[in-house]
Protein chains: 2
Amino acid sequence: MRYSNATNYALHTMVHLMLQPGGSSVGVQELAELQQLSPTYLSKILTKLTKAGWIESTPGAKGGYKVSRTKHEISFLDVIHAIEGDTSLFDCSIHHEGCLIENVMRQAEENMKRELESKLLIEIAKEAESQQNEEKS
Amino acid sequence: MRYSNATNYALHTMVHLMLQPGGSSVGVQELAELQQLSPTYLSKILTKLTKAGWIESTPGAKGGYKVSRTKHEISFLDVIHAIEGDTSLFDCSIHHEGCLIENVMRQAEENMKRELESKLLIEIAKEAESQQNEEKS
DNA sequence: ATATTATAGACATTAAGAGTCTCTAATATC
DNA sequence: GATATTAGAGACTCTTAATGTCTATAATAT
Ligand code: SF4
Ligand code: SF4
């Protein structure tokens, strides 16, 4: 019971793109090298993010990926949702009416999601940026 | 990203055992029929619960499983933990010091676990019992 | 002693995640 | 317009974990 590696890659890439000066595009080649994984695999992940609207892609020379204009509103949950889909952690196929067990599990999951929804990627990006600046000085 | 079926089976079995009058033992055969799965498979799951201390087993004729004496203190999280292990939902193998992403994920997971820890199985069992009584009357 | 029941472990099957490879489509540059 | 560059799509393989089966062993009641 773990979040997939793909989610991890997606989160890292998002933060990295947010740190690009002027919101310039970065190719999948470069992004893949940073995380030491194959470009084609990362490409699949980024396509999901593109379809979800969290990044924008432009093919061709000088193309690549850049974070979308909703940059300041993208939460952790948004990214996770784009990669993992909207499946529930606990999924009993039967669904008895008024199921007590399911209620508890759903409630707990909600608590987690609320937290993930309230945390914006931009906050992390900014913190990471200021950490880097501290190291330089 | 789902909890395993095994966890579901475990939760159901726990509630069922809590509803046994006088805390009498029930064989895996009967428990398996209730959930329509093979006795040997359920057996593996119940062994985990036994080792975790949430149920007690007695081999031999008239043996079976019964809920442990800590009956009134067993939480959802206890059972889940016994089956799923204590792995974290988000597990980056690198663990950079002071990692910001990991912090957020851990925090969110904590929120879920707190809820699962606060919910006791006995509450569900009692609710289920009173629901059954209502139906009878 | 015998029947009954849990436990252990080897084994097979299935499903999902992770990753590769190749071909196509779109774009910039010359 | 030709060419280089880049994303997207899809078939494919590999790996891992969950799921489940089978058989043999150990413990207990009668
Ligand atoms: S009681 Fe709830 S969790 Fe259990 S089988 Fe019914 S719907 Fe599923
Ligand atoms: S920043 Fe955090 S999540 Fe990312 S690689 Fe480092 S430890 Fe892992």
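Only heavy atoms go into these numbers, but all of them, side chains included; no hydrogens, no water, no symmetry mates. A note on names: the letters A, B, ... follow the listed sequences, proteins ahead of strands, and every chain is numbered from 1.
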K.L.:
Starting at CD1 of A/I45 and ending at P of D/dA9, how long is that distance when rounded to a whole Å?
P.N.:
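Result: 15 Å.
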K.L.:
Which nucleotide in the list C/dT20, D/dG8, C/dA28 gets nearest to the side chain of A/A61?
P.N.:
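Among the listed nucleotides, the one closest to the side chain of A/A61 is C/dA28.
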K.L.:
Taking only N and O in the side chain of A/S57, is any of them less than 4.0 Å away from OP1 or OP2 of D/dT6?
P.N.:
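Looking at the OP1 and OP2 atoms of D/dT6, neither is under 4.0 Å from any side-chain N or O of A/S57.
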K.L.:
Taking CG from B/L37 and P from D/dA18, how many angstroms apart are they, rounded to a whole number?
P.N.:
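Rounding to the nearest Å, CG of B/L37 and P of D/dA18 are 17 Å apart.
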K.L.:
How do A/K62 and A/S38 order along DNA chain C: which one's closest nucleotide is nearer the 5' end?
P.N.:
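It is A/S38, whose closest nucleotide lies nearer the 5' terminus.
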K.L.:
Taking the side chain of B/S43 as its heavy atoms from C-beta onward, which of C/dT7, C/dG17, C/dT22 lies nearest to it?
P.N.:
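Looking only at heavy atoms from C-beta outward on B/S43, the closest nucleotide is C/dT7.
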K.L.:
Which atoms form the tightest heavy-atom contact between B/A125 and B/L19, and what is the distance?
P.N.:
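For B/A125 versus B/L19, the nearest heavy atoms are O-CD2, 3.3 Å.
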K.L.:
Rounding to an integer number of Å, can you tell me how far A/L49 CG sits from D/dA7 C1'?
P.N.:
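Going from CG in A/L49 over to C1' in D/dA7 covers 14 Å.
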K.L.:
Taking B/E109 first and then B/K113, would you say they form a salt bridge - that is, a charged N and a carboxylate O separated by under 4.0 Å?
P.N.:
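Judged by the 4.0 Å cut-off on N to carboxylate O distance, B/E109 and B/K113 do form a salt bridge.
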K.L.:
Among D/dA18, D/dG8, D/dC22, which is the nearest nucleotide to the side chain of B/T40?
P.N.:
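The answer is D/dC22.
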K.L.:
Send over the distance from B/E56 CD to C/dT7 P, rounded to a whole Å.
P.N.:
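Distance check: B/E56 CD to C/dT7 P gives 12 Å.
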K.L.:
Give the nucleotide from the list D/dG20, C/dA6, D/dA7 with an atom nearest to the side chain of A/P59.
P.N.:
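The closest nucleotide is D/dA7.
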K.L.:
With a 3.5 Å cut-off and just heavy-atom distances, do the side chain of A/K44 and the base of D/dG8 make a donor-acceptor pair?
P.N.:
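Answer no: no donor N or O sits under 3.5 Å from an acceptor.
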K.L.:
Could you check which of D/dT21, C/dA6, C/dA18 has an atom nearest any side-chain atom of A/A6?
P.N.:
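So the side chain of A/A6 is nearest to C/dA18.
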K.L.:
What is the distance from atom CD1 of A/I101 to atom CZ of A/F90, rounded to the nearest 0.5 Å?
P.N.:
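A/I101 CD1 to A/F90 CZ: 6.0 Å, rounded to 0.5 Å.
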K.L.:
Toward the 5' end of DNA chain C, which comes first, A/N5 or A/T58, by nearest nucleotide?
P.N.:
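Going by which nucleotide is closer to the 5' end, it is A/N5.
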K.L.:
When the nearest nucleotide of DNA chain D is assigned to A/G60 and to B/S4 on a heavy-atom basis, which residue is associated with the more 5' position?
P.N.:
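Counting from the 5' end, the first nearest nucleotide belongs to A/G60.
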K.L.:
Check each of A/I74, A/I124, A/I55, A/T13 against A/M18 using the side chain to side chain contact (heavy atoms under 4.5 Å, CB included) test, and report the only one that passes.
P.N.:
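That would be A/I74; it is the only one of A/I74, A/I124, A/I55, A/T13 passing the side chain to side chain contact (heavy atoms under 4.5 Å, CB included) with A/M18.
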K.L.:
Specify the separation, in whole Å, of atom CG of A/N8 and atom P of C/dG17.
P.N.:
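Rounding to the nearest Å, CG of A/N8 and P of C/dG17 are 15 Å apart.
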K.L.:
Under 4.0 Å between a side-chain N or O of B/K51 and OP1 or OP2 of C/dA8?
P.N.:
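Yes, within the criterion.
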K.L.:
Take atom CZ of A/R2 and atom P of D/dA17, then tell me their distance rounded to the nearest Å.
P.N.:
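Spelled out: CZ on A/R2 to P on D/dA17 is 9 Å.
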K.L.:
Base, sugar-phosphate or nothing for A/Y3? Non-hydrogen atoms, less than 4.0 Å.
P.N.:
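Nothing, no nucleic acid heavy atom in range.
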K.L.:
Without decimals, in angstroms, what is the distance between A/L89 CG and C/dA16 P?
P.N.:
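My rounded result for the distance is 16 Å.
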K.L.:
For A/Y65 and C/dA26, what is the distance between atoms OH and P respectively, to the nearest whole Å?
P.N.:
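Interatomic distance, OH of A/Y65 to P of C/dA26: 15 Å.
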K.L.:
If you find the nucleotide of DNA chain D closest to A/Q29 and the one closest to A/M1, which residue's nucleotide is nearer the 5' end?
P.N.:
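The residue closer to the strand's 5' end, by nearest nucleotide, is A/Q29.
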K.L.:
So, for A/I45 and A/A10, which heavy atoms are closest and what is the spacing to 0.1 Å?
P.N.:
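Nearest pair, atom of A/I45 first, then A/A10: CG2-CB, 3.9 Å.
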K.L.:
Looking only at side-chain N and O atoms, does A/Y41 come under 4.0 Å of OP1 or OP2 in D/dC12?
P.N.:
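For D/dC12, OP1/OP2 do not have a side-chain N/O of A/Y41 under 4.0 Å.
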K.L.:
May I ask you to check whether B/E84 and B/S4 show a side-chain donor-acceptor distance below 3.5 Å?
P.N.:
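The answer is yes; a qualifying pair exists.
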K.L.:
Nearest of C/dG19, D/dG20, D/dA9 to any side-chain atom of A/T47?
P.N.:
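So the side chain of A/T47 is nearest to D/dA9.
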K.L.:
Within the 4.0 Å heavy-atom criterion, would you say B/K48 contacts the bases, only the backbone, or no part of the nucleic acid?
P.N.:
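No contact at all - B/K48 keeps every heavy atom at 4.0 Å or more from the nucleic acid.
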